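Structure first, then comments.
Quick caveat, the model's predicted, so the values are computed rather than measured. So that the names make sense, note that chain A is the first sequence line, chain B the second, and so on, each numbered from 1.
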Amino acid sequence: MNQAAEQVYAALLAIPAGRLCSYGDIAKLAGLPGRARWVGRLLSQLPTNSQLPWFRVINSQGKISFPPASSNYERQLRELIREGSAEASGKILWRQCRWP
DNA sequence: GACTTGACGGAAT
DNA sequence: TATTCCGCCAAGT
């Protein structure tokens, strides 16, 4: 198994509920600074039944990286609302993640 | 083996 | 503050 991928998964699981994190942050935490795009591609390969909190990952603009019309967008937004990280209107409540 | 693509980031303008 | 542009690198074609 890819060591870097494991690090990314670990970083995802380390995101506290109610917190959001950017792709760049995840990449950095995984020991891959500047590989945000790779993280995005990795997440795109996750199965829909994955237990990983991929929905806590947004882009550096503090927005969901899906077209507002996509089912993925709605699914992610719903999860964020459930955790209090977003409003029903679609407004994202940016909570920057910081690790020790 | 070369070219394109992508759930991005960051600097430059 | 908002856009535009370029760099990055693994996968897919």
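Within residues 30-46 of chain A, the residues that place at least one heavy atom under 4.0 Å from DNA chain B are, in residue-number order, A/Ala36, A/Arg37, A/Gly40, A/Leu43, A/Ser44. Heavy-atom distances under 4.0 Å link DNA chain B to A/Ser65, A/Phe66 of residues 65-73 of chain A, given in residue order.
Interatomic distance, A/Leu80 CG to A/Arg78 CZ, rounded to the nearest 0.5 Å: 12.0 Å. Expressed to the nearest 0.5 Å, how far CD1 of A/Ile26 lies from CH2 of A/Trp54 amounts to 14.0 Å. The CD atom of A/Glu74 lies 10.0 Å from the CD1 atom of A/Ile81; values are rounded to the nearest 0.5 Å.
By the rule that hydrophobic residues join a cluster once side-chain heavy atoms approach within less than 4.5 Å of another member, A/Val57 and A/Leu93 end up as members of separate clusters. Hydrophobic clustering, with ILVMFWY side chains joined whenever heavy atoms are under 4.5 angstrom apart, groups A/Leu13 together with A/Val8.
Put simply, the side chain of A/Gln76 reaches to within 4.5 Å of the side chain of A/Ile58, judged on heavy atoms. Side-chain contact check for A/Thr48 versus A/Arg75: some heavy-atom pair is nearer than 4.5 Å.
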> Which is it for A/Leu46 and A/Tyr9 under the side-chain contact (heavy atoms from CB on, under 4.5 Å) test, yes or no, and what are the steps along the way?
Replying inline: CA-CA 10 Å; A/Leu46 288 176; A/Tyr9 297 149; 3.8 Å; yes
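Residues that satisfy the salt bridge (Lys or Arg N to Asp or Glu O under 4.0 Å) test with A/Arg56, not counting sequence neighbours, are A/Glu83.
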Polar pairs (N or O, both sides) under 3.5 Å between protein and nucleotides 2-4 of chain C?
none

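Dense packing is recorded around CD of A/Gln45, with more than 12 heavy atoms of other residues, nucleotides or ligands lying under 6.0 Å away.
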Which donor-acceptor pairs under 3.5 Å do side chains of residues 59-67 of chain A form with protein atoms, sequence neighbours excluded?
| from | atom 1 | to | atom 2 | distance (Å) |
| --- | --- | --- | --- | --- |
| A/Asn59 | OD1 | A/Gln61 | N | 3.0 |
| A/Asn59 | OD1 | A/Gly62 | N | 3.3 |
| A/Asn59 | OD1 | A/Lys63 | N | 3.0 |
| A/Asn59 | ND2 | A/Lys63 | O | 3.4 |
| A/Asn59 | ND2 | A/Ser65 | OG | 3.1 |

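For the residue pair A/Ala4 and A/Trp38, the shortest heavy atom distance occurs at CB-CH2, 3.9 Å.
Reading DNA chain B from its 5' end, the first and the last nucleotide to sit under 4.0 Å from a heavy atom of chain A are B/dG6 to B/dG9.
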